[in-house]
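Because the structure is predicted, anything quoted here is derived from the model rather than measured. Within every chain, numbering begins at 1; the chains are lettered A, B, ... in the order of the sequence lines, protein sequences first and strands thereafter.
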Protein chains: 2
Amino acid sequence: MLNEAVNLDSSPGAGGEPERRVRDRGATERAILAAAKGLLAEEGFQNFGINAVARRAGCDKQLIYRYYGGLDGLVEAIGADLGTWVRDRIPEDAGGMFLLTYGDLMERLALLLLDALRNDPLMRRILAWEVSENTEQVRRLSEARSKALALWLDRMRGSLAPPKGVDATAVNAVVIAAIQHLVLAGAAGGQCAGLSLKTSKDWEKAATALKRLVRGVYG
Amino acid sequence: MLNEAVNLDSSPGAGGEPERRVRDRGATERAILAAAKGLLAEEGFQNFGINAVARRAGCDKQLIYRYYGGLDGLVEAIGADLGTWVRDRIPEDAGGMFLLTYGDLMERLALLLLDALRNDPLMRRILAWEVSENTEQVRRLSEARSKALALWLDRMRGSLAPPKGVDATAVNAVVIAAIQHLVLAGAAGGQCAGLSLKTSKDWEKAATALKRLVRGVYG
DNA sequence: CCCCGCTGTCACCAATCGGTGAGTAGCGGG
DNA sequence: CCCGCTACTCACCGATTGGTGACAGCGGGG
């Protein structure tokens, strides 16, 4: 909770002095972006503002206006940064599933997405932000996130085609909705509709139920 | 959307005058509660505060402190009010489903819940609030909401038992999670995971997918 | 060498927030 | 009729918000 994480000028010089910041615009920009992401991930969008970001980044808010054009630009930068999410989340064994059925694939994807979201506080906060507000800021961020998600799904799916007679888009959307809400509810309140979501055993139950549902449709 | 609902002093007297408020504590209390619910439903929890509620109720915020003990008490009152939600949402034909299978029942329940939430902005906002914050305020409200939901489900279910070999609690929680997130995403951004959620045709697609998933598990 | 521009800091602005204490206005009972 | 209780309003508090203009200090190019 205490500041730290801001101390990017931990030069080995005599400690404790006023410690003038080095003049390095690139580093400052990165520090601001990191502060924004960290703040959003840890505190949520409620107290996400110019002052808070500047405080956490350890610089003056004026720099945020100068370098990012205000909070909007900063949010946009965060959105752009989400592109890396895909790169980081593609397991290396993605190619190892080329002879699975669509059902196998979707089950696997669902569980992977569940885990990925469970371990990504920033993504969770953005998700919560999306369903809570409908400002321009959020819309941009939302677009970036959903694009990243779509790209991820695309990469993972490979060239497997869904079975006929099923509106795969809709079914998958419902499954993804379930995953997202489970993760959000679990992170926020530790439960969802009477199902506890705290221990890993709880999550296994949820995962099993999720598998059953997916299998029930895709076989 | 405009204020109204607040206009409890629409006495037939000459309109436009300063229109002194009648001294009626009960009416004022009700006006405050209504203002709070309306504000929460229409604006969301972001700008939900003492000042905003007082402004909308057309009275001094001091009265909120006096009558409800501050925002916390007011939120609690909203929570208590959610008990009525159940009463209002029990269709009269609830008894007409006594010989359905569990699958029929859950399908019906899922669709009913979907519609109920789609038409209840207040419930939606509370839901969004729940997954966005974890303060004491929200926790109380969340508890009231989930209790209301549980009661509703209970009333609707009647005495039908779930099939064996299935973790009905978990499956149902996942289904409910899907419904809730679909509604939230639809209301906020008009889409979810590539599925548009604007027209009633869109919602039919989602409902169909939901039915498929439920049927896949419960037959 | 000096000066200009870029980086970073500080002081200040109006607006709003939650919260409180003091004071006003009207109704009802003696 | 008047007095007192109660519903209600107003004025003010400190803190924090987003936002801006002016200034300081270092460094590189003329």
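Of the listed residues (B:L71, B:V53, B:T28), just one forms a side-chain contact (heavy atoms from CB on, under 4.5 Å) with B:I64, and that residue is B:V53. Applying side-chain contact (heavy atoms from CB on, under 4.5 Å) to B:I78 and the options B:K37, B:R140, B:R145 leaves one that passes, B:K37.
Counting any heavy atom pair closer than 4.0 Å across all strands shown, B:I50 reaches sugar-phosphate atoms only and no base atom.
Atom CD in A:E29 sits about 8 Å away from atom P in C:dT7, given to the nearest Å. Atom CG of A:L71 and atom P of D:dT20 are 13 Å apart (whole Å). Look at CZ on B:R66: it is 8 Å from P on D:dA7, rounded to the nearest Å. Spacing between atom CD1 of B:I64 and atom C1' of C:dG18 amounts to 11 Å, rounded to whole angstrom units. What separates OH of A:Y67 from P of C:dG8 is a distance of 4 Å, to the nearest Å. The CZ atom of A:F48 sits 10 Å away from the P atom of D:dG18 (whole-angstrom rounding). Atom-to-atom, CG of B:L39 to C1' of C:dC17 comes out at 15 Å; the value is rounded to the nearest Å. To the nearest angstrom, P of D:dG21 lies 13 Å from NZ of A:K61.
The shortest side-chain heavy-atom distance between B:L111 and B:K211 falls under the 4.5 Å cut-off.
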Protein and nucleotides 28-30 of chain C: nitrogen or oxygen contacts under 3.5 angstrom:
none

Protein-nucleotides 2-6 of chain C N/O pairs under 3.5 Å:
residue	atom	partner	partner atom	Å
C:dC6	O2	A:R23	NH2	2.7

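Put simply, A:Y65 has a side-chain N or O that comes within less than 4.0 Å of OP1 or OP2 on D:dG19. At least one side-chain nitrogen or oxygen of A:N51 sits closer than 4.0 Å to the OP1 or OP2 atom of D:dG18. The side chain of B:T28 places an N or O atom within less than 4.0 Å of a non-bridging phosphate oxygen (OP1 or OP2) of D:dC8.
In this structure, of C:dG8, C:dT9, D:dC10, it is C:dT9 that holds the atom nearest to the side chain of A:D60. The side chain of A:Q62 sits closest to C:dC10 out of C:dT7, D:dT17, C:dC10.
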Does A:L153 form a side chain to side chain contact (heavy atoms under 4.5 Å, CB included) with A:L109? I'd like the steps, not just the answer. CA-CA 8 Å; A:L153 287 174; A:L109 244 54; 3.6 Å; yes
Check the pair B:D120 / B:W85 against side chain to side chain contact (heavy atoms under 4.5 Å, CB included), numbers first and verdict last. CA-CA 10 Å; B:D120 193 326; B:W85 191 81; 2.6 Å; yes
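Once rounded to the nearest 0.5 Å, the distance linking CE of B:M156 with CE of B:M106 reads 10.5 Å.
A perpendicular orientation is assigned to the rings of A:W129 and A:F48, their planes being inclined by more than 60° (bins at 30° and 60°).
The side chain to side chain donor-acceptor pair (under 3.5 Å) test applied to B:D115 returns no partner, not counting sequence neighbours.
A donor-acceptor pair shorter than 3.5 Å cannot be found between the side chains of B:T84 and B:D81.
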